[in-house]
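To keep things clear, I will list the structure first and then write my remarks on it.
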Amino acid sequence: MVGEEGAFVLGWDEVLTEEELSVTLKVLCMSEEEFQEYKEQDGWEDDTDEEENSFLSNESLSRLKHPCKKLLCDSVLLTLQSYRSDLKADQDLLNNKEAFERLSRREQQALHVRYGQKRILHQLLELIQ
């Protein structure tokens with residue numbers, strides 16, 4: 001369901017791997033009976049539910065059902081815990097010109113990427129809480 005990378009891709013405005021995330025959340029939030037039916041049907045052939053056919057924009061993420069929000073929230077929190085520093089520490093380092101300039105060019109670029117990733121994850125938390 002998740003694909004080769006084992007990760008979902010989030011952007012500022014929407015989930016870029018929306019189909020994978022949508023199916024994964026649905027399957028993980030199913031009851032055992034629903035999952036058995038899903039397996040027997042080889043997935044959903046024709047979803048007529050409007051919510052299931054819409055892309056996962058930031059607006060639609062905030063309307064997810066509680067079990068899906070909880071699962072997504074727990075996943076985001078685990079991902080944030082995997083970083084060595086928190087968002088504020090990275091922001092402080094970016095704002096400290098002297099400390100930032102002591103970093104190598106590669107470390108500076110990594111800091112920018114890491115900070116952007118954390119901002120997106122924090123934004124997602126705000127949308128689903």
Side-chain angles (χ1 to χ4, degrees):
M1 285 183 291
V2 179
E4 292 178 21
E5 303 262 335
F8 302 108
V9 181
L10 306 172
W12 284 110
D13 300 318
E14 65 189 32
V15 176
L16 302 176
T17 54
E18 60 184 310
E19 184 177 348
E20 292 91 343
L21 179 60
S22 179
V23 171
T24 300
L25 288 173
K26 287 176 198 172
V27 169
L28 291 175
C29 292
M30 286 179 181
S31 67
E32 188 175 337
E33 295 81 25
E34 291 170 327
F35 182 68
Q36 289 302 323
E37 183 179 325
Y38 175 79
K39 283 186 355 184
E40 290 170 8
Q41 294 178 2
D42 291 326
W44 293 280
E45 291 176 13
D46 267 338
D47 265 340
T48 56
D49 188 349
E50 185 177 311
E51 178 185 45
E52 294 178 7
N53 288 326
S54 65
F55 65 94
L56 290 174
S57 66
N58 286 349
E59 184 180 325
S60 64
L61 284 169
S62 65
R63 293 191 309 259
L64 287 172
K65 294 176 183 174
H66 179 72
C68 291
K69 280 185 177 182
K70 170 114 176 69
L71 183 60
L72 196 51
C73 180
D74 291 346
S75 298
V76 169
L77 291 173
L78 281 172
T79 302
L80 286 170
Q81 288 175 3
S82 71
Y83 289 100
R84 288 184 178 182
S85 60
D86 63 9
L87 182 67
K88 175 140 177 36
D90 286 349
Q91 186 174 21
D92 290 346
L93 184 53
L94 283 167
N95 291 333
N96 183 335
K97 189 175 180 175
E98 286 180 25
F100 182 77
E101 289 178 356
R102 283 194 299 264
L103 299 174
S104 70
R105 182 75 179 135
R106 187 174 182 170
E107 289 170 323
Q108 291 173 356
Q109 291 171 337
L111 175 61
H112 281 289
V113 170
R114 187 174 64 240
Y115 179 71
Q117 291 170 341
K118 290 177 189 176
R119 285 190 53 212
I120 289 172
L121 290 170
H122 279 276
Q123 175 183 309
L124 179 57
L125 277 178
E126 288 177 21
L127 291 168
I128 59 178
Q129 288 183 334

With no hydrogens and no angle check, is any side-chain donor or acceptor of [X] less than 3.5 Å from a backbone partner on [Y]?
{"X": "E20", "Y": "F8", "result": "no"}
{"X": "E18", "Y": "V15", "result": "no"}
{"X": "N96", "Y": "D92", "result": "no"}

So among L80, T79, L78, D74, which one has a side chain to side chain contact (heavy atoms under 4.5 Å, CB included) with V76? L80
Are L103 and Y83 co-members of a hydrophobic cluster defined by side-chain heavy atoms under 4.5 Å apart? no
Please give me the minimum heavy-atom distance between [X] and [Y], naming the atom from each residue.
{"X": "L87", "Y": "R119", "result": "CD1-CG, 3.7 Å"}
{"X": "F100", "Y": "H112", "result": "CZ-NE2, 3.5 Å"}
{"X": "Q108", "Y": "E101", "result": "NE2-CA, 3.8 Å"}
{"X": "R114", "Y": "D90", "result": "NE-OD2, 3.1 Å"}

How long is the span from the [atom1] atom in [X] to the [atom2] atom in [Y], to the nearest 0.5 Å?
{"X": "L25", "Y": "S75", "atom1": "CG", "atom2": "OG", "answer": "8.0 Å"}
{"X": "Q91", "Y": "L111", "atom1": "CD", "atom2": "CG", "answer": "10.5 Å"}
{"X": "C68", "Y": "R63", "atom1": "SG", "atom2": "CZ", "answer": "13.5 Å"}
{"X": "L71", "Y": "K65", "atom1": "CG", "atom2": "NZ", "answer": "14.0 Å"}

Any heavy-atom pair between the side chains of C29 and K70 that's under 4.5 Å? no
Less than 4.5 Å apart, side chain to side chain, heavy atoms only: is that true for K26 and Y38? no
Is V9 isolated, or which residues cluster with it under the ILVMFWY side-chain rule of less than 4.5 Å, directly or via members? L16
Can I get a per-line list of side-chain donor-acceptor pairs under 3.5 Å for residues 120-129, giving both atom names and the distance, sequence neighbours left out?
{"from": "Q123", "atom 1": "NE2", "to": "W12", "atom 2": "O", "distance (Å)": "2.7"}

